[in-house]
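Note that the coordinates shown come from a computational prediction; the quantities given were computed from them, not determined experimentally.
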Amino acid sequence: MTDRPLAASDQPLLGVLLMLGFCAVIPLSDAIAKVLGQTIPLLQLLLVRFGTQAVLLVPGLSRGGGWAGFTPRVAWLTVARTAFQVIAVGGMFASLRFLPLAEAIAIAFVMPFILLMLGRIVLNEEVGPRRIAACAVGFAGTLLVIQPSFAEVGAPALLPVLVAFFIALYMLVTRQIAQEVDALVLQGTSGFLATVGLLLLLMLAPKADYPDLTLVMPDRKEALLLAGIGLLGTFAHLLMTWSLRFAPSATVAPIQYLEIPFATLLGWIVFSELPNAFAATGIFIIMAAGLYIVFRERKLAMPVPPEG
């Protein structure tokens with residue numbers, strides 16, 4: 001994990017507060033998706049989510065230089081990145097039909113472990129035995145969270161693992177192009193590409209005869225909640241982008257694990273859901289192993305003082 005040096009313009013406290021905002025807002029978007037998932041098709045949820053992102057961000061692309069920095073390599077990687085994000089968000093929305101909010105999000109936090117392994121395999125990044133051990137512990141914690149849900153709902157309990165895999169791919173690609181393209185341009189482009197792709201899928205949907213690839217007319221309450229998914233999802237990822245503008249990733253990365261207790265609190269308030277003893281233990285292990293990896297990579301990224 002590489003990190004940019006602390007600059008004079010950095011404001012670490014502001015960066016931390018913005019990441020806290022992300023951790024509080026993104027579970028709200030997921031909670032709305034859980035509410036709507038029983039009546040609104042998955043494709044419609046995704047169209048609203050990414051269509052809102054496109055509408056809000058595409059008009060401002062010219063201020064960020066537009067697509068001037070898009071080489072053919074960056075363009076193809078952006079298409080792949082968008083596909084990974086759509087699959088990840090769709091998988092999370094689908095999993096929330098079956099799983100408690102906190103457990104689905106906690107399982108998806110296996111992502112840093114998958115990302116570490118993919119970095120070793122794909123980018124030949126060095127991964128030492130301590131971080132490999134932390135990955136093994138984190139996976140063990142994930143199994144503790146999955147176990148009660150798998151016993152109750154079966155294979156859908158594994159959906160957040162699929163989500164984690166595609167988020168890891170999304171992050172891996174983002175690492176390759178983040179220094180070449182403005183973050184807001186990248187997000188606006190992803191919103192546009194996702195919306196176009198989902199509309200094409202909708203055009204093919206009648207041939208598939210699959211209910212989740214259709215559209216329904218929402219009532220007034222559902223329409224308001226759909227708008228909330230789009231606005232909150234877009235706003236949350238902007239908060240994350242802004243947090244990295246004001247503070248190094250090593251400073252704000254540990255804060256992201258607060259998304260799990262925020263989701264637990266929200267699940268309790270809205271859905272009367274609380275993790276059982278197995279799941280709570282697994283959540284604690286996932287957070288501990290993930291934070292160890294974050295702090296270990298931060299230590300490895302620090303420059304070694306010269307001898308003498």
Looking at [atom1] of [X] and [atom2] of [Y], how far apart are the two atoms once the value is rounded to the nearest 0.5 Å?
X	Y	atom1	atom2	result
Leu47	Leu215	CG	CG	6.5 Å
Lys221	Thr39	NZ	OG1	9.5 Å
Leu198	Met203	CG	CE	13.0 Å
Ile105	Ile286	CD1	CD1	12.0 Å
Thr78	Leu186	OG1	CG	5.0 Å
Thr195	Leu200	OG1	CG	11.0 Å

**Request:** Applying side-chain hydrogen bond (donor to acceptor under 3.5 Å, both in side chains), name anything that partners Ser190, two or more places apart in sequence or on another chain.
**Result:** Arg81, Thr82
Shortest non-hydrogen contact between [X] and [Y], atoms and distance:
X	Y	value
Ile107	Ala157	CD1-O, 4.1 Å
Pro275	Ala280	CB-N, 3.9 Å
Leu226	Val48	O-CG1, 3.1 Å
Ala164	Ala108	CB-O, 3.4 Å
Phe271	Ala31	CZ-O, 3.6 Å
Ala106	Ile260	CA-CD1, 4.1 Å

Can you tell if the side chain of [X] reaches within under 4.5 Å of the side chain of [Y], non-hydrogen atoms only?
X	Y	result
Thr214	Leu43	no
Leu231	Leu56	yes
Leu202	Gln44	no

Same apolar cluster: [X] and [Y], side chain cutoff 4.5 Å:
X	Y	answer
Leu57	Leu199	yes
Leu46	Val216	yes
Leu224	Val270	no
Ile167	Leu158	yes
Phe50	Val55	no

**Message:** Filter on salt bridge (Lys or Arg N to Asp or Glu O under 4.0 Å), then keep only pairs touching residues 98-113, sequence neighbours left out; what's left?
**Reply:** none
Pair up each side-chain donor or acceptor in residues 84-98 with any protein partner under 3.5 Å, not counting sequence neighbours, and list the distances.
residue, atom, partner, partner atom, Å
Ser95, OG, Met92, O, 2.8
Arg97, NE, Gly37, O, 3.0
Arg97, NH1, Asp212, OD2, 2.8
Arg97, NH2, Asp212, OD1, 2.8

**Request:** Can you spot which of Leu18, Leu20, Thr234, Ile26 makes a side-chain contact (heavy atoms from CB on, under 4.5 Å) with Leu239?
**Result:** Leu18
**Prompt:** Would Met19 and Leu258 satisfy side chain to side chain contact (heavy atoms under 4.5 Å, CB included), going step by step from the backbone distance to the final call?
**Reply:** CA-CA 9 Å; Met19 183 58 81; Leu258 290 176; over 6 Å; no
**Main-chain N/O of Leu99 paired to Lys34 side chain as donor or acceptor, under 3.5 Å** = yes
